[in-house]
Amino acid sequence: MSDFNINQSTPFSFKDDELKEDFSRVSVKIGLTTSCGSDRVTTLDTRSSQVECEFVSNLAGWQRDSSFMSVNNFASSYFDAIVDMKEDAVPFIFRELEKGPTPLVHALDKIYEGEMEYKGYLPLDFVCKVWLEILKKKGINV
């Protein structure tokens, strides 16, 4: 992967020899804030940035919707959109789980259907810890 240092006024153009054969994943070092409101970006991979923006947007919508629901906070198009992202969402769910217990963990139940079996009630913090261990064993991290 090639790195290019730019500032806000630098146009995105590269010499032929800089792109080499595989230029599908060019890393660009910048100092801009992404439109999805995440922290300041130092390295931008355009595909992962787009996926992260999609996740952050859906997470914010789901949190906004679920703050008004007392029974089923999974009946949300935003939650469904996170699940529909499948494994693309998993590193970001992992990051949220590392912050602390969250019902978002149940998106993993749908993404990795049958991976974890529930027998009776399990506390959310326990389920989150178990899923973190499962994801670490799968090599998922942030």
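Values below: all heavy atoms of this structure, side chains included; hydrogens, waters and symmetry mates excluded. Nothing fancy with the numbering, it's 1 onward along the sequence. As the structure is a prediction and not an experimental result, all values here were calculated from the model.
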*Asks:* Could you give the side-chain donor-acceptor pairs of residues 124-134 under 3.5 Å, partners two or more places apart or in another chain?
*Replies:*
residue, atom, partner, partner atom, Å
Trp131, NE1, Asp109, OD1, 3.0

*Asks:* Taking only residues two or more places apart in sequence, or in another chain, which ones meet Lys110 in a salt bridge (Lys or Arg N to Asp or Glu O under 4.0 Å)?
*Replies:*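 Testing Lys110 for salt bridge (Lys or Arg N to Asp or Glu O under 4.0 Å), a comparison that skips the adjacent residues, returns none.
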
*Asks:* Using 0.5 Å steps for rounding, measure from the CE atom of Met85 to the CG atom of Asp80.
*Replies:*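 These two atoms lie 13.5 Å from each other.
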
*Asks:* Which heavy atom in Lys86 sits nearest to a heavy atom in Ile111, and how many Å separate them?
*Replies:*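 Shortest heavy-atom contact: O-CD1, 3.6 Å.
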
*Asks:* Does a side-chain heavy-atom distance below 4.5 Å link Lys119 with Glu117?
*Replies:*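 They are in side-chain contact.
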
*Asks:* What is the distance from atom CG of Leu108 to atom CD1 of Ile93, rounded to the nearest 0.5 Å?
*Replies:* 4.5 Å

*Asks:* From Ile82 CD1 over to Asp88 CG, what is the distance, rounded to the nearest 0.5 angstrom?
*Replies:* 12.5 Å

*Asks:* Would Glu96 and Lys99 pass as an ion pair if we require N to O under 4.0 Å?
*Replies:*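 Lys99 and Glu96: salt-bridged.
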
*Asks:* Does Lys138 make a cation-pi contact with Tyr112, if we ask for NZ or CZ under 6.0 Å from the ring centre and within 45° of the axis?
*Replies:*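 Cation-pi check for Lys138 and Tyr112: passes.
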
*Asks:* Quick one: pull up CZ in Phe94 and CD1 in Ile140 and give me the separation to the nearest 0.5 Å.
*Replies:* 8.5 Å

*Asks:* Can you name the salt bridge (Lys or Arg N to Asp or Glu O under 4.0 Å) partners of Glu87, sequence neighbours left out?
*Replies:* none

*Asks:* Mind listing the closest non-hydrogen atom pair of Tyr78 and Trp62 along with its distance?
*Replies:* CB-N, 3.4 Å

*Asks:* What are the two closest non-hydrogen atoms of Leu122 and Tyr118, and how far apart are they?
*Replies:* CD1-CD2, 3.6 Å

*Asks:* Rounded at 0.5 Å granularity, tell me how far CD in Glu54 sits from CG in Asp84.
*Replies:*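 Reported to 0.5 Å precision, the distance equals 9.0 Å.
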
*Asks:* Supply the atom-to-atom distance Gln63 CD to Thr102 OG1, rounded to the nearest 0.5 angstrom.
*Replies:*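 Taking CD in Gln63 and OG1 in Thr102, the distance rounds to 6.5 Å.
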
